[in-house]
2 protein chains.
Amino acid sequence: MIDIARHAGVSKSTVSLVLQGSPLVKAETREKVVAAIEALGYVYNRGAANLRGQRSNIVGMVINDLANPFFAELAVGIERVFHAAGYIPFIANTIENPKRQGEVLRSMSEHDIAGLIICPARGTRPSDIETMAQLGVPVVLAMRRLAGPRYSSVTPDNLRGARRATEHLLALGHRRIAFFGGYSDMIAQNDRCGGYQAALVAAGIAVDPMLVIEGPPNRECGQNAIGHVLDMAVPPTAALCFNDVVAFGVLTGLERRGLAAGRDFALVGFDDVAEARHTNPPLTTVHVDTGALGERAAHQVLRMIHGDARPEEFVSDVDLVVRASCGAATGRLQ
Amino acid sequence: MIDIARHAGVSKSTVSLVLQGSPLVKAETREKVVAAIEALGYVYNRGAANLRGQRSNIVGMVINDLANPFFAELAVGIERVFHAAGYIPFIANTIENPKRQGEVLRSMSEHDIAGLIICPARGTRPSDIETMAQLGVPVVLAMRRLAGPRYSSVTPDNLRGARRATEHLLALGHRRIAFFGGYSDMIAQNDRCGGYQAALVAAGIAVDPMLVIEGPPNRECGQNAIGHVLDMAVPPTAALCFNDVVAFGVLTGLERRGLAAGRDFALVGFDDVAEARHTNPPLTTVHVDTGALGERAAHQVLRMIHGDARPEEFVSDVDLVVRASCGAATGRLQ
DNA sequence: CTAGAGAACTGGAACGTTCCAAAACGAGAT
DNA sequence: ATCTCGTTTTGGAACGTTCCAGTTCTCTAG
């Protein structure tokens, strides 16, 4: 910067002013400086600026499973608005590992991030997040709320979505309906499973705990769950899955046994990732406007960065989209 | 840091030594310092350290389409090895927009990244990348090579994969085979389309340029392409797609017309994303070990960061995985 | 008891910015 | 000419580290 000051015949302070687009500098001077910048191939050091200015344009994005298309879509939405606002995100994929999550959180705070969006890994203690908040970093929780102090959050309406999906299965005549995936110590699972149970109870059906199969929200879990359940004395005829990826696993498990969803078993997912419409058969699922949810989360941290500290718990509307995996299209079940 | 020095009764230099894990400090002193750090809730400022130390633990990861599960899987692989090596990645999703890409590249260089992995957006000029390299940032190109100076790169064996896939289609008896997706100004498309053409030529079939439908590598393109091609006087009976996502679009397009892949049209994808096995029908595609490719890319930049500047062009092996969309399983086509 | 050699520490400059207080400039009014 | 006031410009301290060149310990050997 001193070099370019010399080259333009001004002081480094003036260069700084130009760089910040200050209106205090005369147009003519500005041009000289810009020319010098151009000529010398100067590149701004934002790290140094952060250090002195005590502010940063880095934000953190910590995702628990980036290989799940749902979270990838969420990340895309988040990145879109951050980029537009001049912020640049760190990314970390915690793969549901609180230890790994702790490491990245520490690393991000060492870099003095201006804000943080986090889908907490399973087993995250509120204190892990609290540490960040205490440092003055605006935090918004995505997809998974946390017990304890009020944080900003964005979530789909898990309870309502699961309830509608279950009602649909009930309307198709199913009485023994299972719930696959997620763990009861995850709030999202509580909400989705809660919606499922509420619908059962409202229909006068007792909840059978044997039919709630917990597991990680991935393909493998779905595949195991369907196998397990089909070996029961009185197997269920339908299942709601914690998310689409679990449902994809169920599809594989069914196929391995020569069975097909929609014909031999009614299957419903949750999230409506882009691939859900192409599965075999196409997956009935609860539609979530994932990209918009991500954008909303980013806007929340932006708002908080700009000084509005009020937490906001945003719950987005959801819709059941009926395709073939539930058997409704073919009408062949019951 | 001065605070903690005071609290531990040492100088800030000693604190710095402790923080860096230097062996020069006596165990006893170290303990006092660590205790002070603990007590005061101090958090290290890596930005300041970078400034003084002229090195950084931030790397850049610029992806052209993060919503494509293929690139998400790639990103996961990259992030995995960077995290393990103590680096933390910026992420940017360029959505094939060179202007956006230019912006993020500039932003990343302002943050003095230690290395860069980039899947260049379509229309990237070599000079855009050269700017980074000139700044001394180790660059590795992922999935898409670039004309001009030798950069490190990781790519699947596009030519061979496409050739094998096309040969498979030929073996099933198809003579009019289309190629969907990608643009001829993308090297990856050249390679894949080149493999396709090579197979045709080897089989004594003239390449019909009408059957090569260019377009963005996304679902929409596939949907449009199949519609377009089915309206021809003599439509093709099979197609190889630039990637799986394009093939997913074709699946939708086929479905819209009441047709099914594997029965009415032979379809092959490229990449073998996780969802390909669950599509309706399951997609025959060229398997790429995506996560490993990402890891390889990250290892390359790590190697270059550590001073080994030799560029390495890594081409990973691929495999055709035959499922139902090509009609091989049912044998119903021809 | 002291010289010498390590081992363990330390002060201050430097990294590239921003910010503040103050200085220099320019133009109109006296 | 001089004063005043608004517009531009500027020097230097500060941000939180690292690194270098010493300095001060501590111990061993003579």
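As a basis for the values below, the full set of heavy atoms in this structure was taken, side chains included, without hydrogen atoms, waters or symmetry mates. Order of the sequence lines fixes the chain letters, A, B, ..., with proteins taken first and strands second; residue numbering starts at 1 for each chain.
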Enter the distance from I91(B):CD1 to L66(A):CG here, rounded to the nearest 0.5 Å. 6.5 Å
When rounded to the nearest 0.5 Å, the distance separating SG of C119(A) from CD1 of I78(A) is 6.0 Å
Check step by step if side chain to side chain donor-acceptor pair (under 3.5 Å) holds for S11(B) and T14(B). CA-CA 5 Å; S11(B) 75; T14(B) 304; 3.3 Å; yes
To the nearest 0.5 Å, what is the distance between CE (M61(A)) and CG (N93(A))? 10.0 Å
Contact string for nucleotides 15-25 of chain C, one letter per nucleotide 5' to 3', B = base within protein heavy-atom range under 4.0 Å, S = sugar-phosphate only, - = neither, reads BBBBB------
For H7(A), give me all partners under side-chain hydrogen bond (donor to acceptor under 3.5 Å, both in side chains), at least two apart in sequence or on another chain. none
Looking at five pairs on each end of the helix from dC1(C)-dG30(D) to dT30(C)-dA1(D), what is the angle between the two axes, given to 10 degrees? 60°
With a 4.5 Å cut-off on side-chain heavy atoms, are D185(B) and R122(B) touching? yes
Give me the ring orientation class for F90(B) and F90(A): parallel if the planes are under 30° apart, tilted from 30 to 60°, perpendicular past 60°. parallel
With a 4.0 Å cut-off, would you call R106(A) and E110(A) a salt bridge? yes
Whole-Å distance between dG11(C) C1' and R6(B) CZ? 15 Å
Scan residues 24-31 of chain A against DNA chain D and write down, sorted by residue number, each residue with any heavy atom closer than 4.0 Å; if none is found, say none. L24(A), V25(A), K26(A), T29(A)
Lys/Arg N to Asp/Glu carboxylate O, K32(B) vs E28(B), below 4.0 Å: no
Smallest heavy-atom separation, I58(B) atom then H111(B) atom, equals CD1-O, 4.4 Å
Please list residues of residues 104-113 of chain A whose heavy atoms come under 4.0 Å from any atom in DNA chain C, ordered by number; otherwise none. none
Roughly how far apart are I95(A) CD1 and N64(A) CG, rounded to 0.5 Å? 10.5 Å
Can you name the residues that form a side-chain hydrogen bond (donor to acceptor under 3.5 Å, both in side chains) with R55(B), not counting sequence neighbours? none
